[in-house]
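All remarks here apply to the structure that follows.
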Amino acid sequence: MASVQISLPLPVLPEGWSCEKDFKAIGHLSQTNDRNIEPVGPHFLAHARRKRHRRTFSEDDR
Amino acid sequence: MSAGNDPAQRVAIGISFGNSYSSIAFTSGEGKAEVIANEDGDRQIPSILSYVEGEELHGGQAKGQLIRNSKNTVAYFRDFLGQEFKNIDPTPCHQSAHPIQNKSSIAFQIRDTEAEDQNTVSVSEITTRHLKRLRNSASDYLGKTVNAAVVTVPTNFSNTQKSALNKAAKDAGIEVLQFINEPVAAVLAYDARPQAQLADKIVVVADLGGTRSDIAVIASRGGIYTILATVHDYEVSGIQLDQVLMDYFAKEFIKKHKSGGDPRENDRSLAKLKLESEAVKKSLSIGTTANFSVESLAGGIDFTATINRTRYELLASKHFAAFTRLVAHAVEKAQLDPLDVTEIILAGGNSNSPKIASTITNAFPGATVVLAPSTSPTAINPSELSVRGAAIQASLIQEFELEDIEQSTHPMVTVTPHLSHAVGVLCISGDETSGVFHPIVDAETPLPVRRTALITTPREGGNVLIKLAEGARHIKVTKPEPKPKKEKEEKDDDDDDDEDSDEDESEEGEELREKTWKVSNVLSEAALRGLKKGSKVEVQINISADLNANCIFREVGGKGGVRGLLSGSKVTQNGSA
Ligand SMILES: Nc1ncnc2c1ncn2[C@@H]1O[C@H](COP(=O)(O)OP(=O)(O)OP(=O)(O)O)[C@@H](O)[C@H]1O
Ligand SMILES: [Mg+2]
């Protein structure tokens with residue numbers, strides 16, 4: 001997929017913001033819903049291949 | 001299931017098999033789907049068989065027999081496959097062979113040999129004969145024997161119906177590699193075009209066929225499709241539109257020729273009226289006027305008349321409105337707003353009618369793209385969407401072992417966790433109440449997923465805050481300034497007329513509806529320091545099926561970057577949809 005282009009600027013880092021390795025986890029992703037994806041099209045086939053061979057996106061890229 | 005045929009020996013096509021029409025298509029070496037015309041030159045082949053003195057007629061030729069030989073002509077049978085007699089609606093078959101109960105299934109009683117006696121021919125056998133004819137046409141065209149196919153079915157086709165169709169196809173010498181849903185085939189037909197760009201979007205496929213309407217709301221995420229809601233209706237149909245014209249021409253005929261009688265009251269006249277009305281309807285999709293011309297319509301009187309498109313659109317407007325309501329209902333059922341709909345693909349033969357496209361266009365926001373012949377010069381013929389999708393899918397899987405295909409289509413592979421919220425970034429201000437949320441991964445995206453965003457930085461560069469959050473889509477409604485009201489009460493009791501209520505709204509001024517975002521859950525903060533003036537920041541989010549997210553933040557063209565890990569909530573998953 002092409003990158004999402006966001007033209008609104010990121011905010012300036014507030015004075016005094018600091019954190020180890022410059023990353024701070026705050027919350028968790030919300031629970032998901034199980035749904036059926038349609039077994040159709042080239043991108044599904046790539047998904048099925050990854051799932052059946054337990055491969056990640058970057059392993060798939062190679 | 002069985003091992004199937006040797007993939008190396010396969011010649012696979014796409015088949016769309018409707019109650020009214022069927023089509024066949026193949027994918028060329030260059031990956032382009034092409035719809036095949038049969039011996040009569042038809043790409044939309046009527047799903048009809050007729051028997052004359054033991055000779056089998058098919059398609060358009062069989063359709064012609066509805067006038068003289070309706071009892072031995074079988075039509076509108078697809079939806080009877082795998083059904084019990086008590087559950088079917090035989091109405092579409094009133095002017096052809098009637099379905100009867102045959103043990104636990106359905107059959108037709110027809111004279112299909114030279115002998116005088118009628119035979120009981122099961123719907124399965126009829127389907128086999130129909131598919132054989134399609135297969136032969138495709139084989140003749142391709143110059144090699146077709147032996148496999150991807151076949152499209154409506155989204156509410158049950159497993160019993162699919163296995164009945166599978167058996168009928170097998171008996172016709174066709175190995176069904178896969179059944180795919182008609183609306184998904186339509187989306188694939190569009191996505192497979194060379195100019196198509198992969199995007200996350202909500203697509204509605206609105207199919208107005210001959211005997212039914214089917215609507216599907218589909219989340220398309222990086223080329224993977226999830227059906228969010230479907231609506232089916234057997235009242236809103238092409239047959240209804242034909243009926244509008246039949247009534248119109250019948251009345252014109254009676255006006256002119258009082259002695260001729262009502263052509264709707266005699267079987268043969270009715271059949272002629274029906275065939276010609278459908279032809280007129282099709283002509284009105286292209287031309288602004290059409291001629292109706294039937295020899296000996298009723299009482300031995302020839303009849304010709306003309307109708308213009310505007311008149312037809314007026315007469316049929318309530319059916320167009322009903323179809324539009326179905327589309328709106330499906331969007332509601334998916335718990336979405338019309339503003340969420342990126343695209344509406346108009347499918348099914350009747351979607352060639354310009355008024356259907358314009359009625360739907362008017363009912364949706366300006367930003368929603370309606371893909372139909374009259375609204376988009378690059379639209380694909382709505383009658384061909386299913387079969388094109390099927391042919392593309394056939395080319396994708398024809399080299400796989402049947403067992404591999406079955407494994408890939410198994411719920412173990414297809415049931416997938418989907419994000420319940422969009423995940424994105426806060427722009428301009430790091431404050432959730434004043435910052436603007438911009439999604440990077442949309443809700444209803446199946447996992448795992450990887451998405452990248454490129455984000456602008458403050459004019460002077462420097463240090464930035466990257467705050468990831470979950471966002472909930474919110475429809476902001478701005479009411480217009482209230483005008484002084486008068487005479488309002490008098491109008492209120494008359495709201496069954498759509499046009500009237502529309503006018504009421506515009507009198508009050510229309511409310512403004514916009515799609516906005518509310519931050520529902522802050523996920524993380526990250527800092528990138530010392531950015532160059534005018535540089536961009538790349539954010540990559542990689543979310544696994546168990547909801548762990550790997551995030552990478554870096555300056556485009558810069559060195560290093562920041563990495564972070566988010567973990568999913570430990571709560572159990574929601575039920576399926
Ligand atoms: N060019 C056209 N303009 C208007 N209507 C058309 C046109 N071509 C076909 N139709 C109508 O479309 C309908 C057939 O649509 P389609 O080919 O999608 O049928 P189907 O899938 O077999 O439908 P179903 O299973 O609902 O009966 C018929 O009512 C036919 O009259
Ligand atoms: Mg159909």
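Per chain, numbering begins at 1; letters A, B, ... match sequence-line order.
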- Item | chain A contact via B:Lys467 - side chain, backbone, both or neither, heavy atoms under 4.5 Å | neither
- Query: Which bit of B:Ile392 is near chain A, if near means a heavy-atom gap under 4.5 Å: side chain, backbone, both or neither?
  - Reply: neither
- Item | Value rounded to 0.5 Å, distance of CZ in B:Arg529 from CG in A:Leu13 | 5.5 Å
- Min side-chain heavy-atom separation B:Leu465-A:Pro11 under 4.5 Å: yes
- Query: Hey, which of B:Ile455, B:Leu531, B:Ile440 has the most heavy atom pairs under 4.5 Å with chain A?
  - Reply: B:Ile455
- Message: Do A:Lys51 and B:Met412 make a side-chain contact, defined as non-hydrogen atoms from C-beta onward lying under 4.5 Å apart?
- Response: no
- Message: So B:Thr456 and A:Gln5, do their side chains get closer than 4.5 Å, heavy atoms only?
- Response: no
- Part of B:Ser429 lying under 4.5 Å from any heavy atom of chain A: backbone
- Side chain, backbone, both or neither: which part of B:Asp431 has an atom under 4.5 Å from a heavy atom of chain A? neither
- Query: Given that the side chain runs from C-beta out, which part of B:Leu426 has a heavy atom under 4.5 Å from chain A: side chain, backbone, both or neither?
  - Reply: backbone
- Query: Is it the backbone or the side chain of B:Pro446 that comes under 4.5 Å from a heavy atom of chain A, or both, or neither?
  - Reply: side chain
- Item | Contact winner vs chain A - B:Pro458, B:Ala443, B:Pro411, B:Ser544, heavy-atom pairs under 4.5 Å | B:Pro458
- Message: A side-chain contact here means heavy atoms from C-beta on lying under 4.5 Å apart; do B:Leu566 and A:His28 qualify?
- Response: no
- Between A:Ala46, A:Ala25, A:Ser18, the one whose heavy-atom pairs under 4.5 Å with chain B are most numerous: A:Ala25
- Query: Any idea which of B:Thr416, B:Ile224, B:Thr409 has the most non-hydrogen atom pairs under 4.5 angstrom with chain A?
  - Reply: B:Thr416
- Item | Residue B:Val522 versus chain A: region with a heavy atom under 4.5 Å | both
- Task: Please tell me if the side chains of B:Gln540 and A:Ser3 come closer than 4.5 Å, counting only heavy atoms from C-beta onward.
- Result: no
- Query: Picking from B:Val449, B:Asn542, B:Val187, which has the most non-hydrogen pairs under 4.5 angstrom with chain A?
  - Reply: B:Val449
- Item | B:Gln407, CD: over 12 other non-hydrogen atoms inside 6.0 angstrom | yes
- Message: Tell me which of these, B:Ile428, B:Thr452, B:Val441, has more heavy-atom pairs under 4.5 Å with chain A than the rest.
- Response: B:Ile428
- B:Arg563 versus chain A, heavy atoms under 4.5 Å apart: side chain, backbone, both or neither? backbone
- Query: Non-hydrogen atoms of chain B under 4.5 Å away: do they reach the side chain of A:Leu45, the backbone, both or neither?
  - Reply: side chain
- Task: Would you mind checking which part of B:His421 comes under 4.5 Å of any heavy atom in chain A, side chain (CB onward), backbone (N, CA, C, O), both or neither?
- Result: side chain
- Carboxylate-amine/guanidinium contact B:Asp404 A:Arg52, below 4.0 Å: yes
- May I ask you to name which of A:Ala48, A:Ala2, A:Gly41 has the most heavy-atom pairs under 4.5 Å with chain B? A:Gly41
- Note on the structure: OG1 of B:Thr414 to CG of A:Asn36, rounded to nearest 0.5 Å, is 4.0 Å
- Is there a side-chain contact between A:Trp17 and B:Glu525 (heavy atoms, below 4.5 Å)? yes
- Task: Using non-hydrogen atoms and a 4.5 Å limit, figure out which bit of B:Val413 sits close to chain A: side chain, backbone, both or neither.
- Result: both
- Note on the structure: Heavy-atom nearest pair, B:Leu447 first then A:His47, reads O-CE1, 4.1 Å
- Item | Region of B:Ala199 that comes under 4.5 Å of a non-hydrogen atom in chain A | backbone
- Task: Work out which heavy atom in A:His43 is nearest to a heavy atom in B:Gly223; give both atom names and the distance.
- Result: CB-O, 3.6 Å
- Item | Stepwise side-chain contact (heavy atoms from CB on, under 4.5 Å) test for A:Val4 and B:His438 | CA-CA 10 Å; A:Val4 180; B:His438 202 297; 4.2 Å; yes
- Where A:Pro39 and B:Gln393 come nearest, the two heavy atoms and their spacing: O-NE2, 3.4 Å
- Item | Selection from B:Ile227, B:Leu419, B:Ile543, B:Ile180 maximising heavy-atom pairs under 4.5 Å formed with chain A | B:Ile227
- Query: If we only count heavy atoms from C-beta on, is the B:Val425 to A:Ile6 side-chain gap below 4.5 Å?
  - Reply: yes
- Query: Do you know the tightest heavy-atom contact between A:Ser30 and B:Asn521?
  - Reply: OG-ND2, 4.1 Å
- Note on the structure: Honestly, the part of B:Arg450 sitting under 4.5 Å from a heavy atom of chain A is both
- Query: Taking B:Ser420 for the side chain and A:Thr32 for the main chain, is one N or O donor matched with an acceptor at less than 3.5 Å?
  - Reply: no
- Query: Side chains of B:Leu565 and A:Phe23: closer than 4.5 Å at any heavy-atom pair?
  - Reply: no
- A:Lys21 portion near chain B, given a 4.5 angstrom heavy-atom threshold: backbone
- Query: chain A heavy atoms under 4.5 Å from B:Val150: which part of the residue, side chain, backbone, both or neither?
  - Reply: neither
- Message: For B:Glu538, which atoms come within 4.5 Å of any heavy atom of chain A: side chain, backbone, both, or neither?
- Response: neither
